[in-house]
Participant: 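Have a look at this one before I ask anything.
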Amino acid sequence: MSVEGEFFVSVTGSIDFAEFYDADSVYCKYRYHFGAEWSVVAGIEEGLTQMSITGSDVRRLAVWNFPLDVTFKSTNPHGWPQLILSTYGLDLFGHDVVRGYGVCHVPLTAGRHRKTVAVYVPESSSSLQQFAAWLTGRRPELIDMDILASGNGRELARMKVQGSVEVVFNVVFKDLFKLGYKNGEKRHTT
């Protein structure tokens, strides 16, 4: 039952696969970031995929086909949900290291959407730190993943592209048009 002034956004889909330049065994953590007036009413807000070993073909795909299923409610579109991806894998010594971070908005229109999300890894800020990271096997990591979604302080982090993740979204709205919001979709009336 919806309260007057609320709308719902239902998202299903999957984190299909990733293409990495130098990773063999990888997994992905995900979570949604959204504004203060948003809340999760059903489904899973964060999760962890299984470990995937990249294929032997040229593309080096890590296939997860991991399902997404969440429903949000809000009274305001400000703070529209974003999917934050953190990919990790094993290095030569068997340590868990970050393989990249990525972020994308949940699509603003209803229907099926396929998104390619670039994943970036933080770089050390000096040659000495790069050498120490290589020697110890510990790469720089972000402490708070929300920095990716908010944009505050992102200009301070040096990042380089490590690959991409394919995500499929199936988006359905309820009561969005009743509140006067238009998102480019044609309204169907009966």
Participant: Between OG of S164 and OH of Y120, what distance do you get to the nearest 0.5 Å?
Facilitator: 10.0 Å
Participant: Looking at CD1 of I84 and SG of C104, how far apart are the two atoms once the value is rounded to the nearest 0.5 Å?
Facilitator: 10.0 Å
Participant: Using the test side-chain contact (heavy atoms from CB on, under 4.5 Å), find all partners of L179 that sit at least two apart in sequence or belong to another chain.
Facilitator: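 L179 satisfies side-chain contact (heavy atoms from CB on, under 4.5 Å) with F7, Y181 only.
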Participant: Does P67 have any side-chain contact (heavy atoms from CB on, under 4.5 Å) partners at least two apart in sequence or in another chain, and if so, which?
Facilitator: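 Result, side-chain contact (heavy atoms from CB on, under 4.5 Å) vs P67: none returned.
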Participant: Could you state the interatomic distance from OG (S52) to CD1 (I15), rounded to the nearest 0.5 Å?
Facilitator: 12.5 Å
Participant: Heavy-atom count around L48 CG within 6.0 Å, excluding the residue itself: above 12?
Facilitator: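 Yes, the 6.0 Å shell around CG holds more than 12 heavy atoms from other groups.
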Participant: Is there a donor-acceptor pair closer than 3.5 Å between any side-chain N or O of K29 and the backbone N or O of E46?
Facilitator: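 A pair under 3.5 Å: no.
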Participant: By the salt bridge (charged side-chain N to carboxylate O under 4.0 Å, His left out) test, which pairs, at least two apart or in different chains, include something from residues 105-114?
Facilitator: D16-R114, R114-E166
Participant: Taking side-chain hydrogen bond (donor to acceptor under 3.5 Å, both in side chains) as the test, write out the residues that go with Y27, two or more places apart.
Facilitator: D96
Participant: Between the main-chain N or O of W64 and the side-chain N or O of Q50, is there a donor-acceptor pair closer than 3.5 Å?
Facilitator: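 Yes.
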Participant: Give every donor-acceptor pair under 3.5 Å between a side-chain atom in residues 32-41 and any protein atom, sequence neighbours left out.
Facilitator:
{"from": "H33", "atom 1": "ND1", "to": "D146", "atom 2": "OD1", "distance (Å)": "3.2"}
{"from": "E37", "atom 1": "OE1", "to": "T75", "atom 2": "OG1", "distance (Å)": "2.8"}
{"from": "W38", "atom 1": "NE1", "to": "N76", "atom 2": "O", "distance (Å)": "3.1"}
{"from": "W38", "atom 1": "NE1", "to": "H78", "atom 2": "O", "distance (Å)": "2.9"}
{"from": "W38", "atom 1": "NE1", "to": "G79", "atom 2": "O", "distance (Å)": "3.4"}

Participant: Quick check: does any side chain N or O of T54 sit under 3.5 Å from a backbone N or O of D24, one acting as donor and the other as acceptor?
Facilitator: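 Yes.
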Participant: Residues two or more places apart in sequence or in another chain: which of them pass salt bridge (Lys or Arg N to Asp or Glu O under 4.0 Å) with D69?
Facilitator: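 Partners of D69 under the salt bridge (Lys or Arg N to Asp or Glu O under 4.0 Å) test: none.
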